[in-house]
Amino acid sequence: MSIRTIAAVCPHDCPDTCSMTVTVEGDRAIKVEGTPNHRFTDGFLCTKVSKYLDRVYHEGRLLYPQRRVGKKGEGRFQTISWDEALDEIATRLKHIAKEFGSESILPYSYAGTMGLLNYGSMDRRFFHRLGASLLDRTICATAGATGYKYTIGGSLGFDPEAIKYAKLIVIMGSNILTSNVHLWPFILEARKKGARIICIDPYRNRTAEAADDYIAIKPGTDAALALAIMNLIIEERLYDSDYVEKHTLGFEKLKERVRDYPPEKVSQITGIEQTKIVDLARAIATEQPVAIRINYGLQRHKGGGMAVRSLACIPALTGAWKYPGGGILLSTSGAFPINNSALERPDLIPSGTRTINMSRLGEALTNRSPIDGRPVFTPPVKALFVYNSNPAAVAPDAAAVIEGLMREDLFTIVHEQFYTDTTDYADIVLPATTQLEHFDIHKAYGHFYLMLNEPAIAPIGQAMSNTNLFRALAKRMGFIEDCFNDSDEEIARQAISLKHPAMEGISFERLKQEKSIRLNVSDPYLPFRDGNFLTPSGKCEFYSEQMLRAGLDPLPTYIPPIESEEVSPALFSKYPITLLSPPAHSFLNSTFANVPKLIKSEKEPVVELNIKDATERDITDGMQVRVFNDRGQVHLKAVISNRVKPGVAVAPSIWWRKFSKDGRNVNETTSQEITDMGAGATFYDNLVEIEPLD
Ligand SMILES: Nc1nc2c(c(=O)[nH]1)N[C@H]1C(S)=C(S)[C@@H](COP(=O)(O)OP(=O)(O)OC[C@H]3O[C@@H](n4cnc5c(=O)[nH]c(N)nc54)[C@H](O)[C@@H]3O)O[C@H]1N2
Ligand SMILES: Nc1nc2c(c(=O)[nH]1)N[C@H]1C(S)=C(S)[C@@H](COP(=O)(O)OP(=O)(O)OC[C@H]3O[C@@H](n4cnc5c(=O)[nH]c(N)nc54)[C@H](O)[C@@H]3O)O[C@H]1N2
Ligand code: SF4
Ligand SMILES: [Mo]
């Protein structure tokens, strides 16, 4: 049988966006590997995606359209044809739109695939033309992205590959060895040349174990640490006055502000010893090039936007941006000049269409505010169309989400690769292709390569890609605009059609030839060496008029977690433990949490807690415990651990509810509260109590 290799791209929500080489024998994929000569992928895939074939050929793949026969939540279905499924969906959506208005239809999607086409193109056009409610996709990154944007102007930071030139690497709220593993070889290269790695995290995670120094910080207090660092740098005159003068705005005001954050006070707030704060500040000012890698952990708290904003000021104060490997990095996605308007066609949105925040799905589906219990939406949501996401498992305040999904009068459609926690509540389930079965192109948020994913095999069963699904539905709905006839290749060409220096010399033809192309940016790329920030002033904005206009503090400040002793003492006395639920090493959000080999490596849902907290509660290692607050509860196995301090517990996530003994997961306890900016989710701003389960 013929053996051939195909160029693919890992589609998952991960900064690494790996280049994959798929080997196909006859009509079956037999091997998936990291592309050897790719500069960032470097020939290896992570533990999850190296088992991608276990996902593609999983015996539980959803292969045919299904209609619900049992009660909602039971997950009992009968197979129907695509024609029946599409007709039923079109008929019901038309009917619901007519009776309640098209805004009563809510699309719900996130990053099941990050491919530009299947993440958001035909689907967006479809829902825009339909006049459905818009979805604010806030569940992951908007708090930090917003804070970063106010300060620096866009999603751009130091060149990840240039981290090899850094002398000091500070990692905050990021578990590189789990969630950004392809950065690690570059970090090791720096270390070989003498660089020091410091990890600042409330949890001594894998990355912290591998670092040179670990600093335990109280959850949600990074902004206070950033302010103290800037205070010390300014007081000791360790800042780069030339860079500050030329390329920053508001230094005098910043100077005044940070005086409020002396090390004594910040030591109290963060739980970090004063001497460590002082040493860190001096090192960050003087051991250039200094690379600060922040990721998402630190922004899943009430003040997450301010935390990122405050940290983002530091490299401009120290002048770190001048050096290869110096600066801060949250995301590289802003480097890609993608034509989003062509992809999504916002011009099709009826004016005045409302927007619903995905981080408050429970509120949207129950039409009940989590704050005062009042109805929020007119018209209420009557139809929910889920794809690229598993909200029953991943959305906060699961009790509210499930209550909503149980509604008999809610018409729910789920397009999925598997029978997930969410499909259990669907009226119609539709089978989706995996990355090996469809075409796509990719940008990245952890490097600068534009990439092409070619289909390696035919769709399995009757699986259909997202673009094909929404193309077919547009026909059924009678949408006649030309954009609904665009082929995948045409959409891909539109996506990369913008004239921009970073795209000079890059065409779809070249992408087809080369499969992966580094953007036309310098190598290494030093985006802010000479200032040129993307803010309105072109400077790094220590003081931001835009923030003032948005009703925010225009200067960096510390906003404590909403569920903390400081802000809610009564709640804290009942629920004194902050529960973090960061990604489990072998899962990707809830993806892969149904692959037997990967479940085996995670064993079972656990919660790590400190010996002191355990002893006070008569909890011993291995015991089943109840983790709870006023929102809900989940049963987990206790692991007594010196990787967390008293008052912090960690439950690696995201397990499927139905694969857990009590049929629940950690999102029973998380809240619908949103961040200070960007309206993001606050998964880690979560107080709980833990007790033995008898
Ligand atoms: N293996 C794997 N990789 C993944 C994912 C996955 O599920 N599994 N998910 C992907 C996605 S969608 C995302 S968004 C990223 C997420 O991955 P990361 O950006 O790495 O973020 P988290 O894992 O949420 O948190 C990382 C660390 O932040 C810490 N943290 C929590 N609160 C705070 C705080 O207040 N301050 C500080 N300094 N640290 C804090 C946590 O203890 C954790 O160790 O990873 C992506 N990659
Ligand atoms: N407690 C807690 N909760 C969290 C987090 C946390 O740290 N703690 N992290 C949050 C974060 S950062 C994120 S990003 C969200 C992630 O939440 P989600 O975006 O829901 O991510 P996944 O759980 O990976 O689910 C993606 C689903 O999309 C499906 N899928 C994949 N490819 C395709 C496709 O081509 N077409 C269709 N139709 N479906 C496809 C997959 O099978 C999978 O079930 O979870 C959030 N929830
Ligand atoms: S999940 Fe991340 S590290 Fe793993 S293969 Fe995909 S892009 Fe690479
Ligand atoms: Mo995420």
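Bear in mind the structure is a predicted one, so any value in this text is a computation, not a measurement. Start at 1 and go down the list; that is how both ligands and their atoms are numbered.
Contact check on Glu161 versus Arg518 returns a salt bridge, with a Lys/Arg side-chain nitrogen under 4.0 Å from an Asp/Glu carboxylate oxygen.
Assignment of Arg300 to the shell around ligand 2 is supported, since a heavy atom sits closer than 4.0 Å. Not close to ligand 2: Gln435, with no non-hydrogen atom less than 4.0 angstrom away. Proximity of Asn665 to ligand 2 is not established, as no heavy-atom distance is less than 4.0 Å.
By the criterion of a heavy-atom distance under 4.0 Å, the side chain of Val666, and not its backbone, is placed next to ligand 2. Heavy atoms of Thr433 found under 4.0 angstrom from ligand 2 belong exclusively to the backbone. With a 4.0 Å cut-off on non-hydrogen atoms, Met464 does not touch ligand 2 at all.
When only interatomic distances are considered, the shortest N/O to N/O separation between Val394 and ligand 2 falls below 3.5 Å. For ligand 2, the polar-atom distance check against Arg55 finds a nitrogen or oxygen pair separated by under 3.5 Å. No N or O atom of Asn118 sits closer than 3.5 Å to an N or O atom of ligand 2. For the pair Glu416 and ligand 2, the shortest N or O to N or O distance falls below 3.5 Å. Residue-to-ligand polar distances place Ser590 within reach of ligand 2: an N/O pair is separated by less than 3.5 Å. The shortest N/O to N/O separation between Ser389 and ligand 2 falls below 3.5 Å. Looking at Asn388 next to ligand 2, an N or O pair under 3.5 Å apart turns up. The N/O atoms of Asn390, backbone and side chain alike, include one that comes under 3.5 Å of an N/O atom in ligand 2. Between Ser653 and ligand 2, not a single N/O pair is under 3.5 Å apart.
Using bins of under 30°, 30° to 60° and over 60° for the plane-to-plane angle, the ring pair Phe127/Tyr387 lands in the parallel bin. Relative orientation of the His447 and Phe40 rings is tilted, given thresholds of 30° and 60° on the angle between their planes. Note: His301 and Tyr684 have perpendicular aromatic rings, judged against thresholds of 30 and 60 degrees for the angle between ring planes.
In this structure, the side chains of Ile89 and Ile428 come closer than 4.5 Å at one or more pairs of heavy atoms.
Shown are the protein N/O/S atoms under 2.8 Å from atom 6 (Fe) of ligand 3, given by residue and atom: Cys10 SG.
Closest heavy-atom contact between Tyr419 and Arg61: CE1-O, 4.4 Å.
A side-chain donor-acceptor contact under 3.5 Å links Thr35 and Thr21. No side-chain N or O of Asp136 forms a donor-acceptor pair with one of Thr355 less than 3.5 Å apart.
In this structure, Tyr64 has its ring center no closer than 6.0 Å to that of Trp82.
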